[in-house]
Every structure is written in C-alpha cells, then in structure tokens.
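These notes concern the structure reproduced below.
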There are 2 protein chains.
Amino acid sequence: MFNFEDYAKSAFTVDNIIFGFDQGELKILLIKRGEPPYTNQWALPGNFVYPNEDLDAAAERVLGELTGLKDVYLEQVRTFGEVNRHPLGRVITVAYYSLVKIKGYNLKGTSPLSQKAKWVSIENATNLAFDHDQIFEACFRRLKRRVRTRPLGFELLPRKFTLTELQQLYEAILQPEKKIDKRNFRKKILSMKILVDLNEAQEGVAHRPAKLYKFDKKKYEKFVAEGFNFEI
Amino acid sequence: MFNFEDYAKSAFTVDNIIFGFDQGELKILLIKRGEPPYTNQWALPGNFVYPNEDLDAAAERVLGELTGLKDVYLEQVRTFGEVNRHPLGRVITVAYYSLVKIKGYNLKGTSPLSQKAKWVSIENATNLAFDHDQIFEACFRRLKRRVRTRPLGFELLPRKFTLTELQQLYEAILQPEKKIDKRNFRKKILSMKILVDLNEAQEGVAHRPAKLYKFDKKKYEKFVAEGFNFEI
DNA sequence: TTCCTTGGTGTACAAAATACACTTATCAGC
DNA sequence: GCTGATAAGTGTATTTTGTACACCAAGGAA
C-alpha cells in the first residue's frame with residue numbers, strides 16, 4: 001500500500017498519455033480510479049519513479065505494465081509541479097506521450113490496473129482526475145505540432161494501410177483546424193516517397209477496394225536526419 | 001550550507017539557460033563553480049525547488065537572484081532525471097530557458113553567486129559541469145524551433161534596434177543552418193507589420209546610419225493568438 | 001442490371017520563396 | 001573639401017509550393 005509519509009519531501013511521478021487510432025478516431029488509454037482522491041473519475045496511467053530508475057524508463061514501465069507493449073514511440077512533454085496539484089502532498093509529475101498501434105490489440109498488462117483501463121476517444125477525454133486535463137492538452141498540442149515535422153503516422157497505423165486511413169489519421173490529429181483535400185494530400189504524401197505501394201488491395205469492402213501501402217522506414221529516417229518538413 | 005542528507009530520497013532542482021544577445025553574438029549566463037563537484041568548471045545557474053514553490057516560480061527566482069531581472073520570457077524545456085546525472089545522489093532537474101536584454105546591463109543580483117557569473121558566447125559554452133552540455137543543447141534546439149513560430153526578437157534586443165541587428169540575431173540563433181538574404185529578410189519582416197519605424201537614425205557610425213525600429217507588441221500578440229507562422 | 005459507396009486521378013491559378021547587384025549616406029583620413 | 005571605406009537600403013524575375021476543384025472506376029448488395 002502506498003504510504004504518503006514515505007515520500008514526505010516531495011514525490012516524483014510520470015504520467016503517460018497513450019495515443020491510439022481506431023475506427024477513424026484518435027483515442028487515449030485511461031484508467032478508472034478505484035480509490036480516493038477522485039474515486040470513479042478517469043485518470044492518466046502513471047506511477048512513481050523508482051529511486052534507481054531513469055525517467056524514460058519509468059514511463060516505459062508504466063506503458064509496459066498496462067499494455068504489455070515495448071519499444072513504442074515515447075516522448076517527454078513537460079513537467080507539472082504546481083504546489084497544490086495533488087491533494088495529498090507535493091507531487092511533481094513528468095508527462096510523456098506514446099503512440100501505439102491499437103489494431104487487434106487486447107490489454108494484456110501485468111498490472112491489476114489494466115482491468116480498469118479503457119480506450120476513450122479524445123473528445124470524451126475531459127473531466128479527468130487531478131490536473132490531467134491540462135496534461136492531456138499539453139500532450140495533444142505537442143502531438144499536433146510534432147506531426148508536422150515527423151511522419152509519425154506509422155506509429156499509430158497498422159503495418160498495411162490505405163491512403164484514406166492515413167488521411168483520416170491526420171484529420172483526427174489536426175482537427176478541427178484542417179479539413180484536408182484528398183487530391184492534394186495524396187499528391188504531397190506520395191511526392192515524399194516514404195510510402196511503398198504493396199500491390200495489394202483491401203478485401204471484403206462494398207465499394208472499390210483501396211490499395212495498401214506501408215511506410216519505408218529507411219527513407220523516413222533519412223528525411224528526419226535531414227531536418228525535413230512534413231507540413232500537410 | 002547544503003547538506004545532501006536533507007534531500008535523501010531525491011532532490012528537485014531547476015536549471016536555467018539565460019540567453020542574451022550582444023555585439024552580434026548569442027550568449028548565455030554561466031557560473032564558475034567554487035566547490036566540488038566540478039570545481040572551477042562552468043555551470044548553469046540553478047537551485048532547489050522549495051517545498052511550497054511552483055516550478056516556474058523557482059526558475060524565476062533563480063533568474064531574479066542572479067540578475068535582478070523580473071518579468072522576462074521564460075519557458076520550460078525538459079526534465080533531466082538520469083539516475084547518475086549528479087554524483088552526490090539522485091537529483092532531478094527541470095530545465096528552463098529565458099531571454100534577456102543584455103544591453104547596458106550589469107549583474108545586480110542579490111545572490112553571492114552573481115559574483116561568479118559571466119556572459120559566455122554560445123560557441124564557448126562547452127564542457128560544462130554535470131550534464132549541463134546536454135541541457136544547453138536541448139534549450140538551444142528549442143529556441144531555434146521557437147523562433148520560427150514566435151517573434152521572440154524583442155525579448156533579446158534593446159527597445160530600439162536596426163533591421164541589421166534583427167537579422168544578425170536571427171543568424172546567430174539559426175546558425176549555421178541559415179545565411180539570410182538581406183533583401184528577402186527585410187521584405188518578409190516588414191510585410192508582417194509588427195515593426196514600427198521610429199523615424200530616428202543611428203548616430204555616430206562611420207557609414208550610412210540605419211533607421212531605428214521597435215516592435216509593435218499588440219500586433220505581435222494578435223499574430224501569436226492566430227497561430228502565426230514566422231519562418232524566416 | 002442497377003445502385004450505392006468509396007477509391008482514384010490532373011490541371012489551372014495564386015501565393016510564397018528565392019536569387020541576385022547597385023546606389024546612398026555618413027565618418028575618417030588625407 | 002575630396003577620397004575611400006563601410007554598412008544601409010532597395011526591386012524584379014523565376015521557381016517552387018499551395019490551393020481549389022469534379023468526374024469516372026471498381027466492387028458488393030439488392
């Protein structure tokens with residue numbers, strides 16, 4: 001059991017916004033709190049940073065215990081340390097976000113918390129416990145900005161995807177600022193030459209099947225190294 | 001005297017990269033360490049976060065004690081928490097940078113540290129104590145990016161400045177990526193209408209005197225609110 | 001066979017970025 | 001007071017990039 005006295009001076013946590021993309025919607029993984037404070041409210045997955053643990057490692061651990069996933073995109077965003085942000089004492093938290101492929105994915109974390117976890121679409125991710133609304137806002141804003149500099153799409157999409165899925169992903173992230181024109185989007189994304197046409201098509205859809213693509217990781221890395229601009 | 005036992009579990013600090021611009025050079029304010037570890041090496045100004053102090057307030061305090069300045073541009077960048085980053089124990093630090101007008105400015109801080117402070121041009125700001133090289137890199141990278149989205153120039157320049165000074169500032173920040181074309185720079189910056197022509201001229205220079213400008217703060221704020229793009 | 005749904009494609013116009021060279025105003029030194 | 005040195009100031013043509021816009025194609029369902 002967590003005893004606040006043990007962290008009397010000040011406690012250190014990480015909180016993690018885990019983004020996923022499913023059915024055309026951007027979602028985050030939240031946990032329903034079982035005890036006070038903020039009982040029954042949704043909160044971000046987070047945990048204390050162990051004395052011998054690097055910050056990034058703590059964020060990875062939180063993600064791993066909850067989802068069983070490893071080696072995902074993870075980025076530190078900002079540290080929230082308002083004196084009264086936690087009702088039980090001084091708790092300073094480092095906010096991270098990570099990008100995860102939801103598709104065909106069950107929560108198989110080791111933590112008992114994973115029972116209480118749920119993917120919530122970002123429009124419904126309001127009224128969170130603590131200052132987690134603020135943390136979500138900061139992370140989402142960072143993602144919106146980051147997506148203009150790096151092709152993060154392939155962290156969120158399944159290995160094979162259609163151009164329409166990719167466009168919907170961008171719209172979900174950039175919403176409501178941008179309604180993207182289909183032809184211009186395709187022209188631009190294809191001109192970057194980071195997509196590989198798999199010469200396969202969707203199956204079992206009641207309309208013309210779309211072609212499937214995958215990301216070309218090598219070319220993507222070359223672009224990143226060259227300080228490449230990904231404005232959509 | 002600082003006793004490490006008092007912060008046994010883990011200690012919390014802020015470190016502040018204080019940028020200034022003088023004689024065409026971008027500089028940061030460093031402190032020569034007087035005691036171990038890293039005696040006689042240059043280090044970033046920093047301090048512990050007090051139990052009842054917000055993070056931003058701690059960063060402002062560090063700046064104020066050192067320079068006597070208030071109300072300057074201050075931005076949190078990233079938190080550095082590697083287990084072994086501090087030889088005496090676990091110290092997690094939140095990095096900030098601030099932008100300061102050096103011009104005609106003497107260090108008049110209340111802290112005894114201000115005796116040991118010096119403006120160092122960024123090319124010479126290497127081999128700092130602790131992981132401060134890394135922190136400097138992160139803050140400088142952030143400044144380079146930020147300057148493309150917000151007209152931060154007027155935080156670093158004196159109230160009245162010439163277009164050449166402004167261009168030199170941009171070159172110092174964006175170096176070595178960009179050599180800026182004089183005519184294109186002027187065309188762009190003037191088309192933004194955030195500069196006011198003061199109808200005054202430089203005095204005492206051995207060449208054609210340049211016109212003086214100041215920033216129009218209201219228009220700048222309107223631009224920022226509208227999510228304005230400042231690519232140079 | 002028809003209908004419904006989403007996939008896929010090109011062109012014309014506007015806006016923005018870039019490349020580039022000479023004249024002007026002042027002070028210093030003779 | 002003339003000359004030289006220095007940085008200030010200025011415009012245009014070209015290329016690149018962004019934007020607006022509408023119809024036919026392919027497959028499954030009825």
Side-chain angles (χ1 to χ4, degrees), chain A residues 23-25 147-149 151 153 157-158 160-172 174 177-214 223 226-232, chain B residues 23-25 147-149 151 153 157-158 160-172 174 177-214 223 226-232:
Chain A
Q23 329 228 264
E25 284 194 328
V147 99
R148 291 166 179 279
T149 343
L157 289 175
K160 300 176 180 186
F161 53 86
T162 69
L163 292 179
T164 301
E165 284 166 350
L166 185 60
Q167 179 172 346
Q168 283 169 348
L169 172 60
Y170 274 97
E171 283 173 343
L174 300 175
E177 288 103 273
K178 286 233 179 176
K179 196 72 199 163
I180 304 173
D181 178 271
K182 185 166 46 154
R183 278 184 284 197
N184 293 340
F185 177 78
R186 284 162 187 240
K187 199 192 309 173
K188 178 120 193 198
I189 208 96
L190 291 173
S191 78
M192 291 170 174
K193 307 250 172 75
I194 54 170
L195 296 188
V196 179
D197 184 342
L198 291 168
N199 290 312
E200 292 176 57
Q202 268 183 323
E203 282 173 22
V205 287
H207 55 78
R208 176 171 175 176
K211 289 164 95 176
L212 294 172
Y213 291 83
K214 64 167 189 171
F223 278 136
E226 286 167 2
F228 162 65
N229 188 351
F230 207 76
E231 296 272 346
I232 296 291
Chain B
Q23 331 230 261
E25 283 195 330
V147 99
R148 292 166 179 277
T149 343
L157 289 174
K160 301 175 180 189
F161 53 86
T162 69
L163 292 180
T164 301
E165 285 166 350
L166 185 59
Q167 178 173 346
Q168 283 169 347
L169 172 59
Y170 275 97
E171 284 173 342
L174 299 176
E177 287 102 275
K178 286 233 179 178
K179 197 70 199 163
I180 303 173
D181 178 271
K182 186 166 44 153
R183 278 184 283 194
N184 294 340
F185 177 78
R186 284 162 186 241
K187 199 192 310 172
K188 176 122 196 199
I189 208 95
L190 291 173
S191 77
M192 291 170 175
K193 307 251 172 73
I194 54 170
L195 296 188
V196 179
D197 183 343
L198 290 167
N199 290 311
E200 293 177 57
Q202 268 183 323
E203 280 172 23
V205 287
H207 55 78
R208 176 171 176 178
K211 292 164 94 176
L212 293 172
Y213 292 82
K214 65 167 187 171
F223 279 137
E226 288 167 1
F228 161 63
N229 188 354
F230 208 76
E231 296 273 346
I232 296 291

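None of the values given here were measured: they were computed from a predicted structure. Residue numbering restarts at 1 for every chain, and letters A, B, ... go by the order of the sequence lines.
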- For the pair made of CZ in Phe185(B) and P in dA17(C), what is the distance, rounded to whole Å? 14 Å
- Take nucleotides 6-13 of chain D nucleotide by nucleotide from the 5' end and write B, S or -, depending on whether a protein heavy atom sits under 4.0 Å from the base, only from the sugar-phosphate, or from neither. BBBBBBB-
- Any side-chain donor paired with an acceptor under 3.5 Å for Ser191(B) and Arg186(B)? no
- Message: The criterion is side-chain hydrogen bond (donor to acceptor under 3.5 Å, both in side chains); which residues satisfy it with Gln167(B), sequence neighbours excluded?
- Response: Glu171(B)
- Query: Quick one: are Tyr213(A) and Leu166(A) in side-chain contact, heavy atoms under 4.5 Å?
  - Reply: no
- side chain to side chain contact (heavy atoms under 4.5 Å, CB included) partners for Lys160(A), two or more places apart: Leu198(A), Glu200(A), Leu212(A)
- Task: Please answer whether the main-chain N or O of Ala210(A) pairs with a side-chain N or O of Gln202(A) as donor and acceptor at a distance below 3.5 Å.
- Result: yes
